[in-house]
Asker: 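Once you've had a glance at the structure underneath, I'll fire off some questions.
Model, not experiment: these values are computed from the prediction. Order of appearance sets the numbers: ligands from 1, and atoms from 1 within every ligand.
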Amino acid sequence: MGAFWHFAARLLRHKAQLGAAMACAAISAGGLGAGLVALSPLLEFLLKKQSSLAEWVAANAPWVPPALTDRLPSDPFGGVVAVFVVLLAMTAFGATANFLHQFLSLTLCTRVVAEVRHDVFKHSVNLPLGTVLGRGPAEFVSRTIRDSAELQRGLVALTGKTVAQATKGAAAFAAAIWFDWRITLIALVAAPLIALPLRKFGKRIRRGVYGALRAQEDLLRVANESLQGLRAVKSASAEGTAIRRFDEASHEVLRQELRVRFAQSVSSPLVEAIAIGAVSVLALIAARQIIDGKLQFDTFVLSLGALAAAGGSLKPVAGLVNEIQAASAPAERLAELTAIAREDAGDRKRPALPPHGAGVRFESVSFRYDGASVDALRDVDLDIRHGERVAFVGPNGCGKTTLLSLLPRLFVPQRGRVLVDGHDVAAHSLRSLRTQVGVVTQDAVLIRASIADNIRFGLEDAPIEAVRDAARRAHAAGFIERLPKGYETLVAEGGTSLSGGQRQRIAIARAILRDPRILIMDEATSQVDAESEEQINSAIREFGAGRTTLVIAHRLSTVLAADRIVVMDGGHVVATGTHEELIADCGVYARIARTQLAGT
Ligand code: ADP
C-alpha cells in the first residue's frame with residue numbers, strides 16, 4: 001500500500017483545494033449528525049414526554065440563550081413543524097456541501113493524476129535506451145496511460161466517497177454516543193469482525209489487479225505489433241496468427257480480471273451480514289434491559305437509529321476500501337518505473353563537451369546487450385580524424401549500428417572508452433554531446449505533424465527559413481515544394497505517406513538543422529529509388545564537408561566516396577583501408593563487395 005500513499009501524498013501539494021474539499025465533507029457530515037440529534041425532540045413530543053420545543057431546549061441544551069428559547073413555538077405541533085423546517089434547511093445545506101466536496105475532490109484527483117502521467121512519461125523518455133528497448137516500449141505506454149487511470153480511480157474513491165461516507169459514519173456515531181454511550185460501546189465490538197474480511201479480500205484484490213495490469217501490457221504490445229506491422233501481416237496472410245496471438249493475450253486479461261471479481265463481489269454482502277448479526281445481538285441485549293426497566297425505549301430507538309445511520313454510511317466503505325486496494329497495484333508499478341535511474345542522472349554536474357575538432361576514438365570497447373549471451377562488440381579499437389568520411393561495412397549483425405550508437409551514448413560500453421578529442425563521452429554532459437552528433441537512421445521516426453515540424457522535431461523554435469534551408473541542403477526542398485501544401489503538408493503516422501527516399505531526406509534535413517559536428521548515417525538498404533539515392537549522396541557529400549561523417553554503407557557508391565572504409569565482422573574491426581587496398585587484402589570485404597554492395 002506504501003506506493004499508493006506516496007502518490008496520494010501529492011494531493012497535499014494542492015492544500016487549498018484539498019482543505020476546502022475536506023471542510024465541505026465535514027460540513028455535510030455535521031449536517032447529518034445534527035439532523036439525527038434533531039430527531040430526539042421529535043420523538044419526545046410524539047411520546048408526549050415534553051410539551052413544547054422551548055421546554056426541550058431548556059432541558060437538553062441549556063446553553064441556548066433564553067432570548068432564542070422564548071421565541072420557539074410553545075405547542076407540540078408547532079414544535080414538530082419547527083424541527084422539520086430546521087431538518088429541511090440542514091438537508092439542503094448538507095447536500096450543497098456534499099456536492100462541493102465531490103466536485104472539488106474529483107477535479108483535484110484528475111489534476112494530480114495528470115501530473116503523475118506527466119512525470120512518468122518524462123521519466124520514461126529520459127531512461128537509458130537499453131532499458132526501454134529491453135523491457136519493450138508497450139510496457140511504458142501501458143503504465144503511463146492505463147496504470148495512471150487506475151490510480152485515479154483509487155484516489156477518487158479515497159478523497160470522494162470514502163471521506164464522505166466515513167465522516168458521515170463518524171457523525172452518526174457521535175450522535176449515537178450522545179444518545180447512549182453504553183449501547184454504542186457494545187456495537188463497537190462488531191467493528192473488528194468487519195475489518196478482518198476486508199483486509200483479507202483487499203490483499204487478494206491487490207494481487208489480482210497486479211496480474212491484470214501486466215496482462216493488459218502484453219495485450220497492448222500484441223495489438224500494436226500486429227497493427228503497426230499490418231503491411232507484413234497482410235502480405236504473409238498472417239491475419240489468423242495475429243488474431244490468435246491477440247486472443248491468447250486477451251484471454252489472459254480476462255482470467256486475471258475474473259480472479260478479482262470474486263473478492264470484489266463477496267466483501268460487501270459479507271460485511272452487511274456481519275453488521276445485521278451484530279445489530280440483532282444488540283437488540284436482544286437492549287430488549288432485556290427495557291423489560292427490566294433499565295433502559296428508556298426512546299433512547300434505545302434513537303441510539304439504534306443513529307447506529308443504523310452510521311452503519312449505512314460505513315457500508316459502502318467496504319467497496320471503497322477495495323477500490324483503494326486495487327489502486328495500490330498500479331501505484332506500485334508506477335513507483336517501480338520512476339525508481340529506475342534516468343540516463344541523465346548526475347548530468348548537471350558533468351562539464352560540457354568542448355566543440356569537436358580533433359578526432360573520435362574507440363578504445364578497447366566491448367559491449368553486450370542486456371540479456372544477450374554474446375558480446376555485440378569486443379575490444380574494438382578505432383581512430384577517426386576530424387573531418388574524415390568513414391564508411392562502415394560488414395555482414396548483418398556484425399555490430400556496426402551498435403558501435404556507432406556508443407558515440408552519442410545511446411548505450412554505454414561495459415569495457416573501454418569512447419573519446420571525442422580525447423574527452424571521455426561518459427564524463428561529459430549528454431546534452432553537450434548529443435547536440436554535436438547528428439544521427440540519420442534507416443527508419444527515421446516521422447510523427448503525425450507537418451513536414452516543417454518533422455524537420456524541426458525538438459527544435460520547436462527554429463524559424464521556417466532555417467527549416468527551408470536545411471531541406472534544401474538535404475536535397476529535399478524539391479519534392480516538398482511540389483506537395484500541395486508544401487512544408488505544411490501533414491505527414492501520416494510513421495511517415496507512410498512518403499517514399500523511403502523522401503523519408504530519409506527529411507531525416508537528413510532534421511540532422512542538418514541541428515548543425516552537428518559529427519554526422520552518423522545508417523544508409524537505407526532498400527526502398528530508395530535511383531534519383532533519391534543520387535540526391536542523398538550529394539546531400540551527405542556537401543553537408544559532410546568539414547564534419548566527421550560516419551556512414552553505415554550498403555552501396556558501392558558510398559563506399560567509393562569515403563576517405564576510409566572500416567570492415568567489421570563478429571563484433572570486431574577486421575580491417576581498414578581504401579576500396580582497392582581492401583579488395584586486395586581483406587577476404588571479408590572482397591566477399592561483401594561482390595555480394596552485398598549493390599549499385600554503383
Ligand atoms: P549491424 O548494424 O552490423 O547489422 P547491430 O549492431 O545491429 O549489427 O547488432 C549487433 C549484434 O547485437 C547482433 O547480433 C544483434 O542481434 C545484437 N543486437 C542488436 N540490438 C540488440 C538489442 N536491442 N538487444 C539485444 N541484442 C541486440
Asker: Under 4.0 angstrom from atom 10 (C) of ligand 1, is there any protein heavy atom?
Answerer: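 So atom 10 (C) of ligand 1 has protein heavy-atom neighbours under 4.0 Å.
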Asker: What residue and atom, counting heavy atoms only, is the protein's closest point to atom 6 (O) of ligand 1, and at what distance?
Answerer: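 Nearest protein contact, heavy atoms only, for atom 6 (O) of ligand 1 is T402 OG1, 2.4 Å.
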Asker: Could an N or O of ligand 1 be found under 3.5 Å from any N or O of G399, whether backbone or side chain?
Answerer: yes
Asker: Under 6.0 Å from the ring centre and within 45 degrees of the ring axis: does the NZ or CZ of R547 meet both conditions for the six-membered ring of F543?
Answerer: yes
Asker: Report the nearest protein non-hydrogen atom to atom 2 (O) of ligand 1: residue, atom name, distance rounded to 0.1 Å.
Answerer: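 I find the closest protein heavy atom is T401 OG1, 2.4 Å.
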Asker: Under 3.5 Å, is there a donor-acceptor pair between the side chain of S142 and the main chain of E139?
Answerer: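 No; zero donor-acceptor contacts below 3.5 Å.
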Asker: For atom 19 (C) of ligand 1, grab the closest protein heavy atom and report residue, atom and distance to one decimal in Å.
Answerer: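 Residue, atom and distance for the closest contact: Y369 CE1, 3.3 Å.
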Asker: Please state whether the rings of F411 and F367 are parallel, tilted or perpendicular, taking 30° and 60° as the class boundaries.
Answerer: tilted
Asker: May I ask you to test the R505-I536 pair for a side-chain heavy-atom distance under 4.5 Å?
Answerer: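 Yes - at least one pair of side-chain heavy atoms lies under 4.5 Å apart.
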Asker: Could you check whether any side-chain heavy atom of I506 comes within less than 4.5 Å of a side-chain heavy atom of F479, counting everything from C-beta outward?
Answerer: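 The answer is yes, as the side chains (C-beta and beyond) meet within the 4.5 Å cut-off.
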Asker: With heavy-atom distances below 4.5 Å as the criterion, would you say the side chains of F362 and R417 are in contact?
Answerer: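 The answer is no, as the side chains (C-beta and beyond) never meet within the 4.5 Å cut-off.
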Asker: G394: heavy atom below 4.0 Å from ligand 1, yes or no?
Answerer: no
Asker: Counting from 1, what ligand 1 atoms have a heavy atom of N396 closer than 4.0 Å?
Answerer: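 Heavy-atom distances to N396 below 4.0 Å select 4 (O).
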Asker: Test salt bridge (charged side-chain N to carboxylate O under 4.0 Å, His left out) on D119 and R10 and set out the steps.
Answerer: CA-CA 12 Å; D119 288 357; R10 279 169 160 264; 2.3 Å; yes
Asker: So is A376 polar-close to ligand 1, meaning N/O to N/O under 3.5 Å?
Answerer: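 The answer is no, given that A376 and ligand 1 share no N or O pair closer than 3.5 Å.
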Asker: Looking at atom 4 (O) of ligand 1, what's its closest protein heavy atom, distance included?
Answerer: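 Nearest neighbour among protein heavy atoms for atom 4 (O) of ligand 1, to 0.1 Å: G397 N, 2.7 Å.
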Asker: Applying a heavy-atom cut-off of 4.0 Å, say which part of A372 lies close to ligand 1: side chain, backbone, both or neither.
Answerer: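 No part of A372 comes within reach of ligand 1.
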